[in-house]
Amino acid sequence: MQRYAVFGSPIGHSQSPRIHAAFAKQCGIAMNYDAIEAGHADFAAKLAASGVRGANVTLPLKEDAFALCMGNASTRAQRAGAANTLIRDGDSWRGDNTDGSGLVRDLTERHGLDLRERRVLLLGAGGAARGVAPALLDAGIHSLYVANRTLARAEALADALGEPGRVHPRSLDDLARLGEFDLLINATSATRGGSLPTLPMALAGRRSAAVDLSYGEAAVPFLAWARAAGCTQALDGLGMLVEQAAESFLLWHGLRPETEAVYAELRARNDGLVTAD
Ligand code: NDP
């Protein structure tokens with residue numbers, strides 16, 4: 001039996017075991033997929049001891065995972081400086097980052113958004129923001145404003161992306177001066193223990209779409225703000241969650257699973273879900 005797992009902390013609420021079990025059943029692949037609690041101190045040891053052929057990595061370990069596969073990471077993982085997918089390569093690991101393509105696939109294919117030439121605001125500069133930013137640029141957006149509580153992290157992300165004409169780091173205090181955006185993305189974990197920062201209504205208008213990378217209760221405040229600000233679409237991160245998982249599955253097994261049934265099942269249970277991936 002092939003073994004796979006997701007590593008992170010906290011990991012108890014992760015939907016990844018359920019998603020990958022559904023994909024494996026659909027594709028006729030016999031495998032085990034576990035959720036393994038691990039932090040910075042014990043991640044490498046637990047990964048080595050687990051005997052897995054592939055792993056997903058979530059908060060707070062994406063940068064640790066990237067460090068483990070530094071010489072053998074995909075271009076998109078290098079641009080993100082973070083890996084969410086590890087593929088065993090002999091005695092070492094190959095790394096990739098499927099968060100960005102998962103988000104773009106969800107927005108464009110499931111929700112019909114055209115990202116080309118869009119003015120985009122990305123709130124947050126942590127692991128998730130680093131993962132999605134390169135894919136948004138590759139999808140043809142016009143410009144990306146990265147606004148973060150800690151300005152230095154927004155600046156570091158902008159530097160790593162290497163497109164000074166298109167990427168603009170800002171602090172949250174600057175939000176009132178940025179004008180209206182076509183797409184607003186909440187990639188902060190602010191509502192997972194604190195509260196959403198104050199967001200000026202002028203950031204959004206009737207042509208704007210908003211997406212929170214979280215789902216369940218954690219997504220409620222930002223999506224409520226987006227609707228109040230007049231956004232035509234207010235989406236949560238469930239679709240991205242399923243699509244990034246499908247992309248990881250493709251990397252491990254060479255097959256892209258159908259995602260719609262898994263997405264529909266998670267959507268039906270959304271109210272009881274806790275953001276964990
Ligand atoms: P990180 O811990 O790496 O980054 C957290 C980010 O949130 C930082 O930019 C941090 O700012 C900001 N932040 C935290 N608290 C506050 C606050 N009170 N006010 C303002 N900003 C705040 O987390 P991730 O990037 O990995 O995850 C972010 C979110 O995305 C999580 O909810 C996660 O579950 C979700 N996610 C969803 C995925 C999906 O598939 N749907 C995939 C990956 C993540 P600072 O730098 O100042 O600390």
Side-chain angles (χ1 to χ4, degrees), residues 6-16 18-20 39-40 56-66 77 80-85 96-107 110-111 121-133 135-136 145-158 160 169-175 185-199 211-223 225 235-249 259 262-263 266-267 270 273-277:
V6 59
F7 292 80
S9 182
I11 204 66
H13 293 289
S14 174
Q15 298 302 313
S16 293
R18 179 185 287 264
I19 294 171
H20 281 276
H40 299 297
N56 283 130
V57 180
T58 186
L59 197 132
L61 300 174
K62 290 181 184 178
E63 288 171 33
D64 304 57
F66 179 67
N84 77 336
T85 306
D96 206 335
N97 194 316
T98 65
D99 281 341
S101 59
L103 175 67
V104 167
R105 188 176 272 265
D106 179 56
L107 294 181
R110 179 170 290 114
H111 297 291
L121 175 64
L122 181 60
L123 296 166
R130 297 184 79 92
V132 302
L136 291 166
Y145 285 76
V146 182
N148 195 44
R149 180 176 61 179
T150 308
L151 175 60
R153 271 184 110 185
E155 289 171 340
L157 172 52
R170 294 288 186 270
S171 83
L172 296 179
D173 296 337
D174 291 332
L175 287 176
I185 301 171
N186 180 26
T188 74
S189 56
T191 59
R192 292 178 71 172
S195 55
L196 194 66
T198 304
L199 302 175
V211 55
D212 195 321
L213 302 193
S214 352
Y215 46 86
E217 271 191 23
V220 170
F222 179 70
L223 298 184
W225 173 87
L235 311 168
D236 68 13
L238 266 191
M240 169 183 169
L241 176 69
V242 177
E243 297 305 329
Q244 60 80 26
E247 189 91 9
S248 295
F249 192 93
T259 53
V262 178
Y263 173 72
L266 280 178
R267 175 61 63 204
N270 177 54
L273 296 181
V274 178
T275 300
D277 294 275

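We number each residue from 1, following the sequence as shown. Remember, it's 1-based here, ligands and their atoms both numbered in the order they're listed.
Close approach of ligand 1 to Arg153 is summarised as follows: ligand atoms under 4.0 Å from at least one heavy atom of the residue are 8 (C), 45 (P), 46 (O), 48 (O). Of all atoms in ligand 1, listed by their number and element, those nearer than 4.0 Å to a heavy atom of Ser214 are 32 (O). Listed by number with element, the atoms of ligand 1 under 4.0 Å from a non-hydrogen atom of Ala187 are 28 (C). Residue Gly124 has at least one heavy-atom neighbour below 4.0 Å for each of these atoms of ligand 1: 9 (O).
Taking any N or O of Gly127, backbone or side chain, at least one lies under 3.5 Å from an N or O belonging to ligand 1. In terms of polar-atom proximity, Asp99 is not counted as a contact of ligand 1, lacking any N or O under 3.5 Å from an N or O of the ligand. Distances between N or O atoms of Leu213 and those of ligand 1 include at least one value under 3.5 Å. Polar contact with ligand 1: present for Gly237 (N/O pair, distance under 3.5 Å).
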Please report the C-alpha distance between Ser16 and Asn56 in whole Å, then the side-chain angles of each, then the deciding distance to 0.1 Å, and finally whether the side chain to side chain donor-acceptor pair (under 3.5 Å) criterion is met.
-> CA-CA 8 Å; Ser16 293; Asn56 283 130; 4.8 Å; no

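Panel note: side chain Gln15, backbone His13; a donor-acceptor pair is recorded below 3.5 Å. Side-chain atoms of Asn97 come within 3.5 Å of backbone N or O of Ala82 as a donor-acceptor pair.
With a 4.5 Å cut-off on side-chain heavy atoms, Ser101 and Glu243 do not count as touching. Between Glu247 and Thr259, every side-chain heavy-atom pair lies at or beyond the 4.5 Å cut-off.
Remark: distances from the non-hydrogen atoms of Ala218 to ligand 1 are all 4.0 Å or more. Residue Lys62 places a heavy atom less than 4.0 Å from ligand 1.
Across every non-hydrogen atom of Val146 and Gly124, the tightest pair is CG1-O, 3.6 Å. In terms of heavy-atom proximity, Val132 sits nearest to Asp99 at CG1-O, 4.1 Å. When every heavy atom of Leu175 is checked against every heavy atom of Ala147, the shortest pair comes out as CD2-CB, 3.8 Å.
Evaluated for a side chain to side chain contact (heavy atoms under 4.5 Å, CB included) with Val6, the options Ile19, Thr58, Asn84 yield exactly one hit, Thr58.
The backbone and the side chain of Leu241 each have at least one atom closer than 4.0 Å to an atom of ligand 1 (non-hydrogen atoms only). Heavy atoms of Thr150 found under 4.0 angstrom from ligand 1 belong to the backbone as well as the side chain. Residue-level proximity to ligand 1 for Arg192 is carried by the side chain, the only part with a heavy atom below 4.0 angstrom. Only the backbone of Ala125 comes within contact range of ligand 1, with a heavy atom under 4.0 Å; no side-chain atom does. Residue contacts with ligand 1, taken as heavy atom pairs separated by less than 4.0 Å, involve Arg149 via backbone and side-chain atoms alike.
Of the candidates Ala154, Ala128, Gly100, Ala128 brings a heavy atom nearest to atom 25 (O) of ligand 1.
Atom CD of Glu155 has more than 12 neighbouring heavy atoms from other residues, nucleotides or ligands inside a 6.0 Å radius.
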